[in-house]
Amino acid sequence: NPPKSGAYTLKIATTTDNEWADSYEYEIIETPLMVKLSNYRINQNALYQLIYQQTGSVMDQGGLIRIRFPEEVQITKSLSLKSGKITINGQSV
């Protein structure tokens, strides 16, 4: 996503139809985000809570939420969606 909120369009072409076409305009908006960090002591697993309010339409099933942590944060490779350690609205994903 671009670094700023705003209205955007994409230019699209395919190998069969190699003429560039503009997409419909879409809008990317910034949402307020609050991060809570707890249990952050030495040799303990920290708990991150990312709290934000999505306005407008509900995210489609299979939609993505991308989270970029600072380089100093080490996320274990054993963390997976099947571990039950990631929840959205209290539900394991």
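This structure is a prediction, so every number in the text was calculated from the model and none was measured.
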*asked:* Let me confirm one number: the CH2-CG distance from W20 to L10, rounded to the nearest 0.5 Å.
replied: 10.0 Å
*Locate the shortest heavy-atom distance separating K11 from D22; write the atom from each residue and the value.*
NZ-OD1, 2.8 Å
*May I ask you to check whether over 12 heavy atoms, not counting those of E19, lie within 6.0 Å of atom CD?*
no
*Minimum heavy-atom distance I12-S23, with the two atoms named*: CD1-CB, 4.0 Å
*Is there side-chain contact between I28 and S5, with heavy atoms separated by less than 4.5 Å?*
no
